[in-house]
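Reviewing the structure listed below.
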Amino acid sequence: MIIASWNVNSIKARLPRLLEWLEERKPDIACLQEIKTVDEGFPRAAIEDLGYNVAVHGQKTYNGVAILSRLPFDEPPEARLPGDDSDSQARYLEAVVSTDKGALRVASIYLPNGNPVDSEKFPYKLAWMDRLRDHAAGLLRYEENFVLAGDYNIIPDAGDVYNPKAWTDDALYCRASREKFQALMHLGLTDAFRACNDAPDQYTFWDYQRGAWAKDHGLRIDHLLLSPQAADRLKTCRIDKPVRGRERPSDHTPIWAELAL
DNA sequence: ATGGCTAGGCCCCCTAGA
């Protein structure tokens with residue numbers, strides 16, 4: 001089955017692009033980020049008409065995540081990441097589906113950007129990453145298939161950004177951010193894209209500004225992180241780059257993995 | 001030589017994104 005992640009940068013602005021991509025790629029599960037609407041504003045019917053079950057954790061104006069699944073959800077999907085009851089930003093949604101080869105847990109993640117690094121946004125990002133690591137450590141104890149899919153706002157390595165020197169002090173690439181990402185990976189997760197492709201400059205985001213798309217000045221910041229059980233079933237992982245070049249695009253493009261499930 | 005965008009809100013200018 002195909003599990004995808006896409007930061008759509010507003011579900012309402014991007015609905016035509018989303019519907020055409022769902023019909024082309026036919027993902028079994030699609031994790032969306034930055035839907036930028038409350039639950040009631042989500043265009044649920046148009047997506048259900050394509051055969052998807054829809055789970056939404058929305059918020060007015062900012063953030064917001066969703067999970068689309070051809071298979072029904074086993075239990076009501078769980079919003080929010082444990083560890084901070086005062087966190088009101090809609091950045092996490094987790095669901096479980098049953099396949100004939102076992103259960104699959106999927107999370108849609110919109111990890112905080114963290115810029116500027118001298119603002120309160122940066123410690124919020126780092127604390128959020130600590131919470132994600134703690135939660136992932138708990139999930140690993142089930143020894144099941146899971147995929148943590150989303151916009152991590154983390155450039156893992158120098159080969160994942162067009163000009164790494166310019167990003168040294170940015171919240172997406174600075175030492176503290178990448179150390180937190182490494183701590184998460186060192187639990188035993190697999191970066192699905194890097195497990196399938198070691199070429200540099202394979203991006204998932206291109207800024208709307210400064211002709212970034214035309215010059216291929218991109219970042220690889222959207223990731224599918226797999227549990228060991230899911231990694232054993234990984235067949236391929238790809239980035240749907242042409243979607244970024246379409247009319248009224250998101251600044252992110254979809255990434256997806258195929259698992260033998 | 002420079003600066004070049006997009007989306008939402010209650011909206012003609014601001015915040016936010018990365």
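The figures here come from the full heavy-atom set of this structure, side chains too, leaving out hydrogens, waters and symmetry mates. Chain letters run A, B, ... following the sequence lines, proteins first and then strands; every chain starts at 1.
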Item to check | Hydrophobic cluster partners of A:Tyr208 (side-chain heavy atoms under 4.5 Å) | outcome: none
Checklist entry - Using atom C1' of each nucleotide, how far apart are B:dT6 and B:dC11 to the nearest Å? => result 16 Å
Checklist entry - Nearest-Å distance, CG (A:Asp207) to P (B:dG17)? => result 13 Å
Item to check | Ion pair A:Glu23/A:Lys26, N-O distance below 4.0 Å | outcome: no
Checklist outcome for this item: Quick note, A:Tyr208 side chain, CB onward, closest among B:dC5, B:dA16, B:dA18 is B:dC5
Next on the checklist: Output the rounded distance in Å from CG (A:Asn63) to C1' (B:dA18).
Outcome noted: 14 Å
Checklist entry - Do the side-chain N and O atoms of A:Lys125 and A:Asn113 include a donor-acceptor pair separated by under 3.5 angstrom? => result no
Checklist outcome for this item: When rounded to whole Å, the CG to C1' distance for the pair A:Asp251 and B:dG4 reads 16 Å
Next on the checklist: Please give the distance between the C1' atoms of B:dG8 and B:dG3 as a whole number of Å.
Outcome noted: 24 Å
Checklist entry - On a whole-Å scale, what distance lies between the C1' atoms belonging to B:dA7 and B:dT2? => result 25 Å
Checklist entry - Can you tell me if A:Ser5 and A:Asp222 form a side-chain donor-acceptor pair at under 3.5 Å? => result no
Next on the checklist: It should be established whether A:Tyr110 places a side-chain nitrogen or oxygen under 4.0 Å from OP1 or OP2 of nucleotide B:dA18.
Outcome noted: yes
Next on the checklist: I'd like the P distance from B:dA16 over to B:dA1, given in whole Å.
Outcome noted: 36 Å
Checklist entry - Over how many whole Å does the gap from A:Glu34 atom CD to B:dC5 atom P extend? => result 19 Å
Item to check | Rounded distance in Å - OH (A:Tyr124) to P (B:dA16) | outcome: 14 Å
Checklist entry - Should the pair A:Asp191-A:Arg220 be classified as a salt bridge under the 4.0 Å nitrogen-to-oxygen rule? => result yes
Checklist entry - Do the rings of A:Tyr152 and A:His223 sit parallel, tilted or perpendicular, given the 30° and 60° boundaries? => result tilted
Next on the checklist: Side-chain N or O of A:His252 versus OP1/OP2 of B:dG17: is the shortest distance under 4.0 Å?
Outcome noted: no
Next on the checklist: Just the rounded figure in Å: distance from P of B:dA7 to CD of A:Glu247.
Outcome noted: 11 Å
Checklist entry - According to the interplanar angle, ranging from 0 to 90°, do the rings of A:Trp167 and A:Tyr162 count as parallel (below 30°), tilted (30 to 60°) or perpendicular (above 60°)? => result perpendicular
Checklist entry - What integer distance in Å separates A:Leu111:CG from B:dA16:P? => result 18 Å
Next on the checklist: Distance check, P atoms only: B:dG17 and B:dC12, in whole angstrom units.
Outcome noted: 22 Å
Item to check | Rounded interatomic separation in angstrom, taking OH from A:Tyr162 and P from B:dA18 | outcome: 15 Å
Next on the checklist: Starting the side chain at C-beta, find the nucleotide from B:dC5, B:dA16, B:dA18 nearest to A:Lys121.
Outcome noted: B:dA16
Checklist entry - To which residues is A:Val117 joined in a hydrophobic cluster, defined by side-chain heavy-atom contacts under 4.5 Å among Ile, Leu, Val, Met, Phe, Trp and Tyr, whether direct or through other members? => result A:Phe122, A:Leu126
Checklist entry - Is A:Asp222 touching bases, backbone alone, or none of the nucleic acid, heavy atoms closer than 4.0 Å? => result nothing
Checklist outcome for this item: By nearest-heavy-atom nucleotide on DNA chain B, the more 5' of A:Gln209 and A:Ile221 is A:Gln209
Checklist entry - If you check every side-chain atom of A:Arg91, which of B:dG17, B:dA18, B:dT6 has the closest atom? => result B:dG17
Would you list the protein and nucleotides 8-13 of chain B atom pairs, both N or O, that sit under 3.5 Å from each other?
unit_1, atom_1, unit_2, atom_2, d
B:dG8, OP1, A:Ser10, OG, 2.5

Checklist entry - Are A:Asn153 and B:dA18 close enough that a side-chain N or O sits under 4.0 Å from OP1 or OP2? => result yes
Checklist entry - With distance as the sole criterion, is a donor-acceptor pair present between the side chains of A:Asp87 and A:Tyr124 under 3.5 Å? => result yes
Next on the checklist: Let's see if you can work this out: which of B:dA18, B:dG4, B:dT6 has an atom nearest to the side-chain heavy atoms of A:Lys215?
Outcome noted: B:dG4
Next on the checklist: If you compare every side-chain N and O of A:Asn115 against the phosphate oxygens of B:dA18 (OP1, OP2), does one of them come in below 4.0 Å?
Outcome noted: no
Item to check | Between B:dC14 and B:dC10 - C1' atom distance, rounded Å | outcome: 11 Å
